[in-house]
Amino acid sequence: QVQLVESGGGLVQAGGSLRLSCAASGRTFSSYAMGWFRQAPGKEREFVAVINWSGGSTYYADSVKGRFTISRYNAKNTVYLQMNSLKPEDTAVYYCAGDSDWSGLLAGPHYWGQGTQVTVSS
């Protein structure tokens, strides 16, 4: 069992930055692929970024590529999402997610956090 708790959301002006954190419980964190998804009001949840168990491989949605960076620190059971050059269209609830493998996370993660709100004002 893995429990995920996000933090770091908030209100920021367009062009600003935020860093989201996701603290995970459970001994299997370091072997899991981890990712971030988001859901804007009235829209379906969408993929943002994924990182493999070691941190050596990452993959991003086209909409955030070059602006967002996913990373992880296995010794602290934490995954991060550094968000730069934020746009109003990045406004959403951001969810941390985990799964035992990369493809499983992209198809539909087994574990979800409760979400953290990110609001970008114009």
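Numbering of residues begins at 1 and proceeds along the displayed sequence.
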Could you tell me whether a side-chain N or O of [X] sits under 3.5 Å from a main-chain N or O of [Y], the two making a donor and an acceptor?
X    : Y    : answer
N52  : S57  : yes
R72  : A33  : no
D99  : H110 : yes
N74  : W53  : yes
T116 : Y94  : no
T119 : L11  : no
Q13  : S121 : no
E6   : G115 : yes

Nearest non-hydrogen partners of [X] and [Y], listed with the distance:
X    : Y    : result
W102 : I51  : CZ3-C, 4.0 Å
Q117 : V93  : OE1-CG2, 3.2 Å
G98  : P109 : O-CB, 3.8 Å
A14  : P88  : CB-CD, 4.1 Å
V2   : A24  : CG1-CB, 4.4 Å

Problem - Value rounded to 0.5 Å, distance of CE in M34 from CG in N77 - result: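 So the CE of M34 and the CG of N77 are separated by 9.0 Å.
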Practice task
To the nearest 0.5 Å, tell me how far Y60 OH sits from T69 OG1.
Solution key: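 Spacing of OH (Y60) from OG1 (T69) equals 4.5 Å.
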Handout entry: C96 side chain reached by F37 side chain, heavy atoms, under 4.5 Å
Key =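 Sidechains of C96 and F37: no contact.
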Handout entry: Side chain to side chain, Y32 and L105, heavy atoms closer than 4.5 Å
Key =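 Not touching, per the 4.5 Å side-chain cut-off.
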Practice task
Applying side-chain contact (heavy atoms from CB on, under 4.5 Å), run through L20 and V118 and close with a yes or a no.
Solution key: CA-CA 9 Å; L20 305 182; V118 172; 4.0 Å; yes
Handout entry: Check ion pair K65-D62 (N to O, under 4.0 angstrom)
Key =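 Salt bridge flag = yes for D62 with K65.
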Handout entry: Qualifying residue, where the test is side-chain contact (heavy atoms from CB on, under 4.5 Å) with F68 and the options are V48, T58, L18
Key =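 For F68, the side-chain contact (heavy atoms from CB on, under 4.5 Å) test succeeds with only one of V48, T58, L18, which is V48.
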Handout entry: Passing option when S63 is tested against E89, R38, K87 for side-chain contact (heavy atoms from CB on, under 4.5 Å)
Key =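 With S63 as partner, E89, R38, K87 yield a single side-chain contact (heavy atoms from CB on, under 4.5 Å), made by R38.
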Problem - Step-by-step side-chain contact (heavy atoms from CB on, under 4.5 Å) determination, W36 to C22 - result: CA-CA 9 Å; W36 291 92; C22 173; 3.7 Å; yes
Problem - Residues R45, W112; criterion side-chain contact (heavy atoms from CB on, under 4.5 Å); working and verdict - result: CA-CA 12 Å; R45 192 174 299 187; W112 291 97; 3.1 Å; yes
Could you pull out every donor-acceptor pair under 3.5 Å between side chains of residues 79-86 and any protein atom, sequence neighbours left out?
{"residue": "Q82", "atom": "NE2", "partner": "N84", "partner atom": "OD1", "Å": "2.9"}
{"residue": "N84", "atom": "OD1", "partner": "S17", "partner atom": "OG", "Å": "2.9"}

Practice task
Evaluate the criterion side-chain contact (heavy atoms from CB on, under 4.5 Å) for residue pair L106 and F47; output intermediate values, then yes/no.
Solution key: CA-CA 8 Å; L106 293 177; F47 165 77; 3.5 Å; yes
